Amino acid sequence: MRAYGFSEAGGPEKETFLDVPVPDPGPGELLVRVRAAGVNPGDWRLREGTYGVAGPAVLGREVAGTVTAVGAGVTGFSVGDEVFGGCPGMVGGWAEQALVTASFAARRPDSVSPEEAAVLPVASGTAYDALDNLGLSAGQTLLVNGAGGGVGVPTVQLARARGINVVGVASPAKHDLVAGFGATPVAYGDGVLDRVRAAAPNGVDAVFDLVGGEALRTVAGLVEDRSKLLSIADKTLVAELGGRTVERDRSTAVLDSLARLVVSRELDPCVKQVRPLDEAGAALAEVEHGHVVGKVVLVP
């Protein structure tokens, strides 16, 4: 079958279309005919070698599709089910058929499109888990550092759905997007702490960082309780600062919860581009350059 991935770890020049066999689902896995697949920053990082995958490998870590085969020991799913979920080993989704981890899969509601469902496991799943990790109550205030990005946008929405106030640090070009989902946007750069304090005069109760580096170091001091400091962008620095990274759940229960929030329109998956698999390289390049607004989806 036709798929898109990379021949060996490295830059974009290592990306290529691949002719690979249809995989057999192992224990705890589903095989699905892919209807849509998400594009994430982790895809280009995997291609670069960040996660130790040497290649060749098929890119794509989240999909929505139709179950065509069920692996040993799987219960609750049958051939013909419309599902969405995460791919084993963070690979394999940008193909005509792909494996999905059954314990990190859920049935797709009819009112949720394959394109919307395909982008829930990674970004929205991370946002959901981060909020569970932080344990904030309605009325408390969360600072999202990088609120206009792929994880930031669902974090804002999910926090607001829980009654949490949100201040979102984002580039000015994304302020309307962030504000539209109920957060108070502030700009990066010199004076950011003053802007955050003006937006949240009673202080912030937690910080979720999606940027890392000096941007993380700058906002970390806003919370004295460092158990309320999370980052997925800079695991080394957040640990040095006394915070932690997000403990992921990756369960059917989380995906079911996210799907219900999409059905109720409390969560907009914010799919802004749907592109054919033929344009996988261009789609990944846009995400790698970091200027995409909303989520990008590939359809075989």
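Small disclaimer: the values here were computed from a predicted structure and weren't measured.
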Give the cluster check for Leu99 versus Val22: same hydrophobic cluster or not, with ILVMFWY residues linked at side-chain heavy-atom distances below 4.5 Å.
yes
Main-chain N/O of Ser227 paired to Arg244 side chain as donor or acceptor, under 3.5 Å
yes
For a 4.5 angstrom cut-off between non-hydrogen side-chain atoms, does Leu284 reach Val39?
yes
Contact between Leu31 and Pro23 at the side-chain level, heavy atoms closer than 4.5 Å - yes or no?
yes
Starting at CG of Leu18, measure out to OG of Ser7 and round the result to the nearest 0.5 Å.
8.0 Å
Say whether Gln97 and Thr68, considering side chains only, have a donor N or O and an acceptor N or O under 3.5 Å apart.
yes
Does Asp176 have more than 12 heavy atoms from other residues, nucleotides or ligands lying within 6.0 Å of its CG?
no
Looking at Ala170 and Gly148, what are the two nearest heavy atoms and their distance?
CB-N, 3.9 Å
Please tell me whether Tyr188 and Leu237 are part of a single hydrophobic cluster in this structure, the criterion being side-chain heavy atoms less than 4.5 Å apart.
yes
Lys/Arg-Asp/Glu bridge criterion (N-O < 4.0 Å) met for Glu266, Arg160
no
Any chance you could measure Phe104, atom CZ, to Leu255, atom CG, to the nearest 0.5 Å?
4.5 Å
Side-chain heavy atoms nearer than 4.5 Å, only ILVMFWY residues, links allowed to pass through others: does that put Leu210 and Val287 together?
no
Using a 4.5 Å cut-off on heavy atoms from C-beta on, say whether the side chain of Val274 contacts that of Val299.
yes
Can you tell if the side chain of Leu158 reaches within under 4.5 Å of the side chain of Leu261, non-hydrogen atoms only?
yes
Tell me, with the steps shown, if Leu59 and Val91 meet side chain to side chain contact (heavy atoms under 4.5 Å, CB included).
CA-CA 5 Å; Leu59 290 166; Val91 297; over 6 Å; no
Spell out, as yes or no, whether a donor-acceptor pair under 3.5 Å connects the side chain of Asp81 to the backbone of Phe77.
no
Side-chain heavy-atom pair Leu230, Val238 within 4.5 angstrom cut-off:
no
Would Val151 and Val144 count as a side chain to side chain contact (heavy atoms under 4.5 Å, CB included) if you check the C-alpha gap in whole Å, the side-chain angles of each, and the deciding distance to 0.1 Å?
CA-CA 10 Å; Val151 177; Val144 181; over 6 Å; no
For the residue pair Gln157 and Asp268, establish whether any side-chain heavy-atom pair is separated by less than 4.5 Å.
yes
Return the CG to CG distance between Leu120 and Leu267, rounded to the nearest 0.5 Å.
6.5 Å
Any side-chain to backbone donor/acceptor pair from Asn145 onto Phe208? Under 3.5 Å, distance only.
no
Glu286/Arg275 ion pair, N-O < 4.0 Å:
yes
If you round to the nearest 0.5 Å, how far is CG of Leu216 from CG of Asp234?
6.0 Å
For Glu116 and Val271, which heavy atoms make the closest approach, and how far apart are they?
CA-CG2, 4.2 Å
Nearest heavy atoms of Gly49 and Ala9, plus distance in Å
CA-CB, 4.0 Å
Please check if the side chain of Thr252 supplies one atom and the backbone of Ala105 the other of a donor-acceptor pair under 3.5 Å.
yes
If I compare all heavy atoms of Ala127 with all of Thr155, which pair ends up nearest, and what's the gap?
CB-OG1, 3.1 Å
Lys/Arg N to Asp/Glu carboxylate O, Asp190 vs Arg195, below 4.0 Å
no
Could you walk me through whether Val293 and Leu177 pass the side chain to side chain contact (heavy atoms under 4.5 Å, CB included) test, one step at a time?
CA-CA 9 Å; Val293 175; Leu177 176 71; 3.8 Å; yes
Should we count CD of Glu224 as having more than 12 external heavy atoms under 6.0 Å?
no
Below 4.0 angstrom, N of the basic side chain to O of the carboxylate: do Glu288 and Arg47 qualify?
yes
With a sphere of 6.0 Å drawn around CZ of Arg248, does it hold more than 12 non-hydrogen atoms of other residues, nucleotides or ligands?
yes
Mark yes when over 12 heavy atoms from residues, nucleotides or ligands other than Asp225 sit less than 6.0 Å from its CG; otherwise mark no.
yes
Is a donor on one side and an acceptor on the other found under 3.5 Å between the side chain of Thr245 and the backbone of Ser231?
yes
Does any part of the side chain of Arg35, heavy atoms only, come nearer than 4.5 Å to the side chain of Thr66, both counted from C-beta?
yes
Would you confirm whether Lys228, through its side chain, and Leu134, through its main-chain N or O, come within 3.5 Å as a donor-acceptor pair?
yes
Salt bridge or not between Arg33 and Glu82? Use side-chain N to carboxylate O under 4.0 Å.
no
Same hydrophobic cluster for Trp44 and Leu46, using side-chain heavy-atom links shorter than 4.5 Å among ILVMFWY?
yes
So, Arg2 and Glu96, do they make that salt bridge, N to O below 4.0 Å?
no
Over-ring placement of Arg162 relative to Tyr128, 6.0 Å and 45° cut-offs:
yes
Quick one: OG1 on Thr126 to CD1 on Ile232, what's the gap to the nearest 0.5 Å?
5.5 Å
Shortest non-hydrogen contact between Pro269 and Val262, atoms and distance
CG-CG2, 4.0 Å
Decide yes or no on side chain to side chain contact (heavy atoms under 4.5 Å, CB included) for Val63 and Trp94, but give the supporting numbers first.
CA-CA 8 Å; Val63 300; Trp94 296 0; 6.0 Å; no
Under 4.5 Å between side-chain heavy atoms, hopping through other hydrophobics if needed: is there a path connecting Val254 to Val263?
yes
Using side-chain heavy atoms (C-beta onward) and a distance below 4.5 Å, is Val167 in contact with Thr141?
yes
Could you give the distance from OH (Tyr51) to CE (Met90), rounded to the nearest 0.5 Å?
6.0 Å
For Val34 and Pro300, the nearest pair of non-hydrogen atoms, with its separation, is O-CG, 3.5 Å
Out of the candidates Arg61, Arg45, Glu62, only one should pair with Asn40 under the side chain to side chain donor-acceptor pair (under 3.5 Å) rule; please name it.
Glu62
